[in-house]
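Beneath this line is the structure, given in structure tokens, with notes to follow.
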Amino acid sequence: MTTLATRNTIMRLAVASACSWIAISAAHAQQVAAAAQQAAPAAQDAQGAPAAATEPEAKVDNVVTVSGSRISARGFTQPTPTTTLGADDLAKTAKPNLFNAIAELPALQGSTGRTTSTNSTSSGIQGLSSLSLRGLGPIRTLTLLDGQRVVGANVTGVTDVSQFPQLLVKRVDVVTGGASASYGSDAIGGVVNFITDKKFEGAKFNVEGGQTTYHDDKNGTFQAAFGKAFMDDRLHVTASVEYGREKGIESPGFGEVGPNGRTWYKNPAYQIRPLSQTNDGKPQYTVIEHAQQYQYAKYGLITSGPLQGTAFGANGQPYQFQYGSNGVPTGTGAVTGCVNPFCIGGDLSGSVGAGTNLAMDLTRQVGYTRVGFEINPDHEIYMTANFGRVKSAFSPNPGAAKNANLTIQCSNPYLPASIAAACAANNITSFQYGTANAIFPENINVHPTREMRRLTLGANGRFPAFGKDWTYDAYVERGINFTDIIVKDMTLNARYNAAIDAVRLADGSIACRNEVARASGCVPLNIIGNVPVSAAAWGYVAPENGPQQHTRQQQDVGSFNINGEVFDTWAGPVALATGAEWRRESYRVNGDPYGNGIFPDSPNTAQYPADPILNSTVGNNWYAGNYHNASGTYNVKEAYAELNVPVLKSATWGEANINVADRHTKYSTSGHVESWKLGANWKTGIDGLRFRAVTSKDVRAPNLSELYAAAVVVNNVVQYQGNTVTIQQRTVGNTRLRPEIARNNIFGIVLDRPSWAPGFSASVDYFDIKVNGVISSLTAQQEVDLCVAGNQEICGAMSLGNPIPTNNYVTVQAFNLASLHSKGYDLEAAYRLNLKDWNLPGRFTVRGLITRNISFLTDPGVVGTIPSEGAGNNLGSTPRWKGLFSQSWDTDKYSLTLSERWISSGKYSNEFIECQTNCPVSTVIHPTIYNNHMKGAFYVDLGGSWKFSDKATAFFKIDNIGNVDPAAAPQANLSFGINPALYDVIGRVYRVGLRYNF
């Protein structure tokens with residue numbers, strides 16, 4: 001393994017060699033400069049990608065700027081692979097949100113959108129359109145707007161693509177390699193750069209609408225953009241406005257039923273036997289359908305004791321619950337023939353698995369403008385303003401299931417007389433109870449809203465130096481993102497528990513047993529059977545003002561970059577890019593007093609009055625979610641230099657260049673870190689054949705959430721030195737976190753439009769990414785185990801064995817313990833054919849992109865665990881193969897595009913041992929499973945357009961023509977049982993629209 005010192009030595013030698021070569025060539029450069037300029041080749045494919053990418057047109061001086069490098073130079077070809085989607089490519093996808101089009105690229109894996117996190121209440125990522133490269137997560141993918149950072153849409157620093165001006169985007173560059181040396185933190189997986197049309201003139205409109213084949217998720221989009229030059233083209237103004245609404249797919253409620261006629265939902269789940277029973281040669285895990293969670297019923301079920309199996313229906317009438325698997329209750333909480341907590345079949349009416357919205361209701365409102373003024377032909381000052389508001393709405397689950405964790409007293413006046421008599425006959429005073437709470441008049445519903453306000457002021461231009469024209473770009477930015485999460489119709493745990501524990505008073509009325517709760521307004525709630533909930537009882541357990549979380553996140557940036565050619569040599573121009581940046585990130589989040597606890601910054605108010613039965617010290621009073629206060633800030637100072645040195649220009653051997661970059665960064669929280677890049681590109685003497693290679697050290701600094709996570713305190717127990725120890729578990733951020741350090745290696749071969757096949761381009765790139773010091777959270781028990789194993793850093797986060805037990809605590813934090821190792825290769829190819837050569841109209845284009853994940857190893861760095869293989873784990877986001885293909889026919893008037901999306905089949909987990917009989921004893925690390933196969937998917941899409949006038953074009957798009965159902969993705973609990981991060985979960989979608997330009 002190369003040591004840090006060796007890496008630095010190699011880096012410095014590379015830079016020294018390049019500088020020495022420059023010095024040797026300087027004298028010769030004066031003699032050949034004129035000839036070199038005359039012989040300078042036309043700009044090549046600047047992205048280093050095959051012609052499958054839409055290539056930006058070169059300027060007359062043959063200088064291009066691409067997203068994988070800071071260098072702009074004549075004939076420069078960067079070594080880092082980059083795929084480009086142009087405006088025409090994006091228009092053909094006809095998506096209401098550009099995020100959906102980009103996320104289909106094979107290298108994009110693990111992106112989040114409005115079909116993910118629909119079961120979450122307070123995570124902050126609901127409805128967040130964030131891009132992830134290589135399955136490394138959005139936090140390791142840097143998303144830029146015109147090469148500039150954008151304020152994060154949540155405390156992880158991840159941007160929301162929905163807030164970008166989409167109609168003005170002229171291309172999107174997807175850099176599939178580490179780019180920290182060029183752009184700084186977060187670019188471990190790569191960079192996605194949205195490039196806007198800064199000189200657009202005229203006006204254009206886009207109107208589209210659609211729905212699914214199930215007549216849901218109805219959507220409509222309106223976009224308009226304007227551009228005009230004034231004052232003899234010195235003043236240029238562009239602006240755009242957008243409104244989009246995707247109405248989502250509502251929860252079908254309770255039972256085994258898919259939303260709006262979808263028939264694929266069959267209550268999939270894992271049936272998991274205890275480890276101690278796996279010495280019988282049978283597998284521990286079995287994937288089942290029609291899973292019945294027997295710890296509750298739709299309107300209530302007695303789950304233990306002599307009355308186990310008694311359920312309640314209309315008006316509280318008792319009946320015998322129908323267990324699946326021909327199960328019979330044992331009276332101890334178990335059911336014969338079933339594996340806790342599931343039977344198969346039986347009464348599934350109370351299942352809550354399909355109660356989540358399949359897709360969120362999403363509304364986008366975006367405004368953008370850029371005003372540029374040329375002081376003179378060489379200098380421009382500009383201003384951009386971006387406003388984006390994205391509102392979501394969804395239900396994470398129906399009711400609020402209680403899985404056999406309620407105790408009902410036999411004296412409860414709501415119990416039928418027959419049950420009270422049965423209690424007396426069996427000499428019991430209470431029983432365990434579970435219910436889906438289907439009597440609740442409303443489902444929990446979550447309403448996240450993100451509002452971005454971003455302003456940049458900048459200047460760009462050129463100036464002479466060293467006998468050459470140099471360019472500069474400087475800007476300052478302030479971005480603010482307000483995120484408000486409002487949750488409605490959620491219960492308070494303490495109030496619910498007090499309300500269901502009812503007694504009959506001496507006057508015959510029914511009241512809450514707890515006198516303190518009664519005095520503070522408790523209204524009794526009847527959860528025995530299907531009975532209406534009174535407005536008073538509902539208002540008490542689920543007050544009008546529910547959980548709230550309000551976050552203000554701010555980003556301030558100052559950046560200066562210069563770029564130019566130092567001089568010309570016989571092999572081409574030597575180019576330099578350098579610059580510096582200062583950045584500050586800060587946030588503050590405030591929760592409601594019931595969620596956070598009562599503090600000066602979250603006091604009781606008229607909307608949240610004091611309540612003695614609620615926990616005012618640590619909060620956590622709501623049924624679900626984390627609504628605690630927190631704040632934090634850090635700043636970054638950095639400078640970089642990038643150098644491109646041509647080293648070969650020969651008619652026989654071709655052309656080659658070396659690309660070197662180095663960046664030094666100082667974080668206010670973790671100190672200094674260096675990132676660098678060393679790459680080479682060789683255009684061989686063989687027609688169209690090119691080789692490229694790059695190695696880099698890349699970084700991701702801990703984000704605001706990891707550094708300053710809101711504090712949450714709960715009670716817990718851990719095993720320590722053979723004893724069970726009661727602890728106070730304090731979950732907080734960790735300001736001692738260090739940056740993650742990655743090493744990227746890429747080697748590629750490109751065949752770019754050879755003379756014998758001028759319309760053909762292809763490339764293959766092998767990638768190998770290792771990330772060390774990965775920031776990951778641990779459980780309290782894992783931290784204790786690591787401390788016992790000798791990790792002194794983690795030992796400092798706890799205090800155990802105190803004489804006073806209440807002083808025992810474990811601080812649950814994130815640590816730099818884990819590691820990631822991903823490797824695979826990308827394939828990209830395209831063939832363009834002008835049909836006029838065949839006496840046919842138009843042009844025909846075939847394009848294909850494939851990513852093959854060879855391995856994706858995750859090592860938690862935790863005692864008792866091993867690295868797990870994620871490649872081919874189709875419950876995750878990194879399938880073995882992911883492909884995107886298209887075939888397009890285009891004329892000046894018509895276009896027709898057929899496209900295919902492919903995901904290879906895989907496994908539920910690569911750590912499972914598949915067996916049916918003679919299975920080994922199952923272990924925590926390698927459980928046994930009956931069937932470990934998860935099918936893949938192949939989707940076909942069709943789109944077309946008709947330009948029926950010089951200014952107007954009508955278009956249509958059908959996604960998932962075959963209406964392919966998502967593969968079942970079982971979990972250990974009931975859910976929709978799908979993986980929206982990988983599969984199409986919505987079904988066939990129709991869209992039509994009109995584009996108008998003038």
Side-chain angles (χ1 to χ4, degrees), residues 254-255 271 274 290-352 399-440 491 493 496-505 510-514 524-533 537 541 973-974:
F254 300 88
Q271 198 171 50
H290 316 298
Q292 177 197 61
Q293 195 156 18
Y294 63 72
Q295 294 177 335
Y296 63 84
K298 188 173 184 179
Y299 298 113
L301 173 69
I302 299 176
T303 59
S304 187
L307 306 184
Q308 182 184 357
T310 302
F312 298 88
N315 300 316
Q317 291 302 307
Y319 67 93
Q320 188 61 40
F321 183 68
Q322 181 187 353
Y323 290 98
S325 305
N326 297 315
V328 177
T330 64
T332 62
V335 179
T336 62
C338 302
V339 179
N340 186 30
F342 295 128
C343 299
I344 300 175
D347 183 354
L348 299 174
S349 63
S351 172
V352 299
K402 302 290 185 176
N403 298 338
N405 57 355
L406 300 177
T407 299
I408 300 297
Q409 301 297 323
C410 289
S411 59
N412 190 307
Y414 293 122
L415 285 175
S418 60
I419 299 300
C423 283
N426 287 279
N427 197 28
I428 59 173
T429 59
S430 65
F431 50 79
Q432 294 302 110
Y433 192 74
T435 176
N437 277 313
I439 60 171
F440 284 178
T491 57
N493 290 325
Y496 176 88
N497 293 335
I500 65 172
D501 187 14
V503 295
R504 190 176 298 277
L505 300 180
I510 299 176
C512 302
R513 183 187 304 273
N514 186 320
L525 173 66
N526 181 6
I527 61 169
I528 309 299
N530 183 11
V531 292
V533 177
V541 298
N973 58 344
L974 286 183

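The structure presented is a predicted model; accordingly, all values stated were derived computationally and were not measured.
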Minimum heavy-atom separation for [X] and [Y], please, with both atom names.
X	Y	result
P524	I510	CG-O, 3.6 Å
V531	G316	CG1-N, 4.1 Å
Y296	G350	CE1-O, 3.2 Å
I419	L415	CG2-CD2, 4.1 Å
L307	C423	CD1-SG, 4.1 Å
S325	G337	CB-O, 3.5 Å

Point to revise | Test item: side-chain donor near acceptor, T407 and Q432, under 3.5 Å | key: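 Side-chain D/A pair, T407 to Q432: present.
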Report yes if some heavy atom in the side chain of [X] is under 4.5 Å from a heavy atom in the side chain of [Y]; otherwise report no.
X	Y	result
I528	P416	yes
Y414	F312	no
S411	T429	no
I408	I527	yes
T491	N437	no

Check your understanding: Run the side chain to side chain contact (heavy atoms under 4.5 Å, CB included) check on F254 and V352 step by step: do they pass?
Key -> CA-CA 5 Å; F254 300 88; V352 299; 3.9 Å; yes
Donor-acceptor contact present, side-chain [X] to main-chain [Y], <3.5 Å:
X	Y	result
T303	G333	no
T330	T332	yes
N412	I500	yes
Y294	C338	no
D347	F321	no
Q308	P329	no
Q320	G309	yes

[X] [atom1] to [Y] [atom2] distance, which is reported to the nearest 0.5 Å:
X	Y	atom1	atom2	answer
H290	C343	NE2	SG	14.0 Å
K402	N497	NZ	CG	6.0 Å
Q293	F342	CD	CZ	5.0 Å
Y433	N405	OH	CG	12.5 Å
S430	L406	OG	CG	12.0 Å
Q322	L348	CD	CG	8.5 Å

Practice item. Scan N340, N403, T435 and name whichever one has a side-chain hydrogen bond (donor to acceptor under 3.5 Å, both in side chains) with Q295. Key: N340
Check your understanding: Does a sphere of radius 6.0 Å around CG in N326 hold more than 12 heavy atoms from other residues, nucleotides or ligands, not counting ones at 6.0 Å or beyond?
Key ->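 No, because the 6.0 Å sphere around CG of N326 holds 12 heavy atoms or fewer from other groups.
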Practice item. Output all residues satisfying salt bridge (charged side-chain N to carboxylate O under 4.0 Å, His left out) with D501, sequence neighbours left out; order by chain, then residue number. Key: R513
Check your understanding: Going through the distances and angles, do Y323 and T336 end up as a side chain to side chain contact (heavy atoms under 4.5 Å, CB included)?
Key -> CA-CA 10 Å; Y323 290 98; T336 62; over 6 Å; no
